Amino acid sequence: MKRTILRFSKFLKIVILITFTLQIFTVFAKNTPYESRKYPHLLGNQAVKKPSVAGRLRIIEKNGKKYLADKKGEIIQLRGMSTHGLQWYGDIVNRNAFAALSKDWGCNVIRLAMYVGEGGYASNPGIKEKVVKGIKLAIENDMYVIVDWHVLNPGDPNAQIYKRAKDFFKEIATSFPNDYHIIYELCNEPNPNEPGVENSLDGWKKVKAYAQSIIKMLRSLGNQNIIIVGSPNWSQRPDFAIQDPIDDKNVMYSVHFYSGSHPVGGYVFENMKKAFENGVPIFVSEWGTSLASGDGGPYLDEADKWLEYLNANYISWVNWSLSNKNETSAAFVPYVSGMHYATSLDPGNDKKWDMKELSISGEYVRARIKGIAYNPIKRDKGIKCPFKDLNEDNIFYEQVVKLYSKGIIKGTLSSKYLPDKNITRAELAALCVRLLNLKIEKYDGRFSDVKSSDWYADVVYTAYKNGLFKQEEEKKFFPERITKREEVATLAIEVYKRLIGKLEVNVDDIQVVDEDLIKPQYRECVKLAVYLGIIDLDSDGTFAPSKSVSRGEAATIFYNVLNLAGKL
Ligand code: IDC
């Protein structure tokens, strides 16, 4: 009996031990961020040292590869943010923002993107003061600072518009003689835009000639700072420097990528890897979580893959951008009509930005700079369906609530959405104006059938002013008229085009059974809308162009438009 009890208690002990161990494992697995299992180099930031510790930067060689190193010759990694164009989002250059970026975000570098074209330095040389202030604030806040001469359009850094480059760099270098915080980036992105440089060794030679003359000037002033040089095809060809490098021991070559357009293993990545493995010092001075347009996405999984490689190889990186523009790559929440205000680029005295003020991209990049796990805050929550006549079973529910959450559909007095009611021209005007975030224009009373007191007076006028609707009669808008499928399809394509910039699709091969019934002026857009999946054909392949469109269907159509444009 005693032996059985003994044996039993031993058995019990083992069971308890196993259960306990299993529990520890599950707790551990639950608390282990996915990064440490998939991408071990995304966590931690040991090599991200501040200038007060790391001092003057230089390039060192180790096993045939070149790395950025601190004053002791130890490898260092810079991680930080780039401003957007200073001529547009220059308000970011303020004391509170720089303090927050350094302390709360853990940046040890900031990049000042000084456009030359597009209203930048060439036409507005006063913008230089933003750069000077930015340098001072970066130094005060213990960050390195990249002075970026933002060559973008045109693409040849030797083009006439960039003629003051050397003078500009000379002025900065004389104002801050050999200050080790500063890194000079001589040409953001050489590219083929006229007058441009081609993506070839010849194109590289033009960039190199431009860079060499500025480097020579800087070195003759006794400046030893790190200098970053761009390469053809929007700084995607650092590999040209394998065979044809610039003769200077502190020059690095930039690589720019956008994770939605440039996958790991693709062209840009492979060019970078080849260059790096062949002893070219690489600096990723601009990358984004979006498509190359700056919008769409975000593509965070692909960004993880890139950063894993960069961190594992101590390649420095800087993310685009510190703005509250309504584009995915922007780090701060933008103004969205009816939904939220834009985040201020000044977080306030001794404050930092709240997570809710950061965009998805901003929140993600902050975690990656700090090297902490990315645990996104919940967004879009708390938005309950305000319409009593729409429950989750309704086929339009998801689309209507999503558009409501984005401020595109507003609540109604009756708290009903009336999904089956036909949509009117005025209601469509309101949808499109909000969807495109157009500035609301005050109605001037021009239409005999629109009174200033009508709820839609201003949106109808705004839509008219922005050319969204074709006018049949000069003095009438027909606000209460219901719209046909062919008209809505055409409007949807117009809105889509404005969201993405351009649209090139050949509609010749697209089949619609009742094509002859579509009015000629709508035919192309209807086919496009069908092709893009914005609006569906019936199961028999007909489009039924003259049928009306319900409010639920309209919500779905414009939901599709937003989704396709990467703006949901
Ligand atoms: C983009 C901005 C966008 C602006 C556009 C043109 O995000 O708001 O309208 O420039 O000025 C780059 C450029 C950088 C681009 C960015 C995204 O260096 O200026 O910013 N990008 O398109 N290279 C690849 C992508």
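Order of appearance sets the numbers: ligands from 1, and atoms from 1 within every ligand. Everything numeric here is computed off the predicted structure, so don't read it as measured data.
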Inset, instruction - Assert yes or no for the condition that the ring centre distance of H262 to F257 is strictly below 6.0 Å. - result: no

Legend entry - Residue list, side-chain hydrogen bond (donor to acceptor under 3.5 Å, both in side chains) with S285, at least two apart or on another chain: E185, H256

Legend entry - Residues in the immediate environment of ligand 1 (any heavy atom closer than 4.0 angstrom): H84, W88, Y115, E118, H150, L152, N188, E189, Y258, E286, A292, S293, G294, W320, K325, E327

Legend entry - Pairs satisfying salt bridge (charged side-chain N to carboxylate O under 4.0 Å, His left out), at least one member in residues 237-246, at least two apart: K205-D244, K208-D244, R237-D239

Legend entry - Aromatic centroids of F269 and Y309 separated by under 6.0 Å: yes

Legend entry - Name of the residue among Y115, F169, F168 meeting ring-ring contact (aromatic ring centres under 6.0 Å, His included) with Y121: F168

Legend entry - Which residues share a side-chain hydrogen bond (donor to acceptor under 3.5 Å, both in side chains) with N108, sequence neighbours left out: none

